[in-house]
Amino acid sequence: MTTLPATTTTVALPTTGTWLIDPIHSDLRITARHLMVAKVRGTFGEFEGTIVVTDDPGDSRVEWEANAASVDTGAPDRDAHLRSADFLDVEEHPRIRFVSTGLTEKPTGWRLSGELTIRGVTRTISLDMTFEGEGTDPYGNTKAAFTASGEIDRRDWGLVWNVALEGGGVLVSEKLKVEFDVEATLHA
């Protein structure tokens with residue numbers, strides 16, 4: 001991981017410790033273009049993970065795992081196709097996993113690098129990440145919110161199914177926008 005001296009950090013940070021991602025108050029979304037014009041969004045309804053914040057932000061880490069079969073775009077036929085061997089192949093590869101490898105400070109947030117595994121293929125990605133704030137819920141639990149976003153090329157993970165359009169272009173974009181809105185609870 002890239003190490004940043006703690007004294008150079010100018011971007012807000014959450015309390016140090018282990019944060020458990022709260023899937024009830026979090027979203028893991030993907031967005032693709034359909035017919036080269038419309039946006040189709042999907043979410044993964046089942047995922048879990050941890051965020052470990054250390055005194056030296058460069059040593060902090062993020063890990064999460066999603067149930068690939070929990071993808072939901074609001075269209076059952078499309079969801080079934082996404083679960084098939086044409087896309088996620090959930091029978092053979094039931095989990096999607098991210099493990100961070102580095103965190104670097106930017107003027108307005110962080111750059112989170114890591115290894116994303118889909119369909120048994122692992123590739124490096126980078127996401128722009130922001131710590132949105134911290135507070136205490138009515139039950140005395142310390143909560144924090146984070147957002148992260150970036151773009152991936154689905155072909156890098158073997159997600160190559162497509163249909164060429166008569167007027168040019170393809171049915172499903174090769175580039176996907178990946179977004180996370182995460183609320184986490186301080187565990188230790």
Side-chain angles (χ1 to χ4, degrees), residues 1-4 6 8-33 39-68 70-74 82 95-118 122-139 141-154 156-157 173 175-188:
M1 288 195 181
T2 303
T3 302
L4 299 173
T8 65
T9 301
T10 57
V11 179
L13 293 170
T15 301
T16 59
T18 300
W19 296 82
L20 302 179
I21 294 173
D22 177 356
I24 302 299
H25 296 104
S26 301
D27 273 331
L28 168 51
R29 290 183 308 280
I30 54 168
T31 303
R33 289 279 180 181
K39 291 180 182 177
V40 173
R41 293 172 181 86
T43 60
F44 289 90
E46 297 174 25
F47 62 95
E48 60 188 12
T50 58
I51 301 165
V52 178
V53 179
T54 61
D55 289 329
D56 180 342
D59 290 334
S60 297
R61 58 193 181 279
V62 176
E63 291 187 27
W64 59 260
E65 194 169 85
N67 176 357
S70 72
V71 66
D72 181 6
T73 65
L82 289 173
R95 309 300 288 173
I96 297 171
R97 183 171 170 76
F98 175 82
V99 178
S100 67
T101 57
L103 183 67
T104 54
E105 189 175 0
K106 295 174 37 175
T108 59
W110 301 93
R111 187 74 170 167
L112 178 66
S113 300
E115 301 292 326
L116 177 63
T117 303
I118 303 172
T122 302
R123 298 282 185 254
T124 299
I125 67 168
S126 291
L127 304 168
D128 291 323
M129 187 180 83
T130 304
F131 166 56
E132 300 292 344
E134 187 176 307
T136 304
D137 72 11
Y139 311 103
N141 299 305
T142 303
K143 301 283 190 164
F146 305 85
T147 57
S149 64
E151 186 176 86
I152 63 172
D153 187 326
R154 65 186 177 89
D156 292 341
W157 287 269
S173 62
K175 303 285 186 181
L176 304 176
K177 184 172 185 180
V178 180
E179 299 173 282
F180 305 93
D181 287 308
V182 173
E183 182 177 301
T185 305
L186 185 61
H187 178 67

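Just so it is clear, the structure is predicted and the values come from calculations on it, not from any experiment.
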- request: Over all heavy atoms of both residues, which pair between W110 and L13 is shortest? Give the atoms and the distance, please.
  value: CZ2-CD2, 3.1 Å

message: Minimum heavy-atom separation for V182 and S26, please, with both atom names.
response: CA-OG, 3.5 Å

field: Side chain to side chain, L103 and M129, heavy atoms closer than 4.5 Å
entry: yes

- request: For residues V53 and F131, determine if any side-chain heavy atom of one lies less than 4.5 Å from a side-chain heavy atom of the other.
  value: no

- line: side chain to side chain contact (heavy atoms under 4.5 Å, CB included) filter on E179, not counting sequence neighbours, yields R29, T31, S149, K177

query: So, S70 side chain and G45 main chain: donor-acceptor pair closer than 3.5 Å or not?
result: yes

Distance (rounded to the nearest 0.5 Å) between E183 CD and W19 CH2: 9.5 Å

query: How many angstroms lie between atom CZ of R95 and atom CH2 of W64, to the nearest 0.5 angstrom?
result: 10.0 Å

- prompt: Just checking, is any N or O donor in the side chain of T124 or E115 under 3.5 Å from an acceptor N or O on the other one?
  reply: yes

Nearest-0.5 Å distance that lies between atom CG in L186 and atom OG1 in T18: 8.0 Å

- request: State, yes or no, whether a side-chain contact exists between L28 and F98 at a heavy-atom distance under 4.5 Å.
  value: no

- line: The reported gap from CD1 in I51 to NE2 in H187 (rounded to nearest 0.5 angstrom) is 14.0 Å

- request: Could you tell me whether a side-chain N or O of R111 sits under 3.5 Å from a main-chain N or O of G102, the two making a donor and an acceptor?
  value: no

task: Calculate, to the nearest 0.5 Å, the distance between atoms CG and CG belonging to D156 and L176 respectively.
output: 10.0 Å

query: Does the pair D22 and K143 meet the rule for a side-chain contact (heavy atoms from CB on, under 4.5 Å), with working shown?
result: CA-CA 9 Å; D22 177 356; K143 301 283 190 164; 3.7 Å; yes

- request: Measure the spacing between CD1 of I96 and CD of E65 and express it to the nearest 0.5 Å.
  value: 10.0 Å

query: Does any N or O in the side chain of S60 come within less than 3.5 Å of the main-chain N or O of T54, such that one atom is a donor and the other an acceptor?
result: yes

T147 versus E132, side-chain donor and acceptor atoms under 3.5 Å: yes

query: Can you find a heavy atom in the side chain of F146 that is under 4.5 Å from one in the side chain of P14?
result: yes

With sequence neighbours excluded, residues passing side chain to side chain contact (heavy atoms under 4.5 Å, CB included) with D72: T43, D79

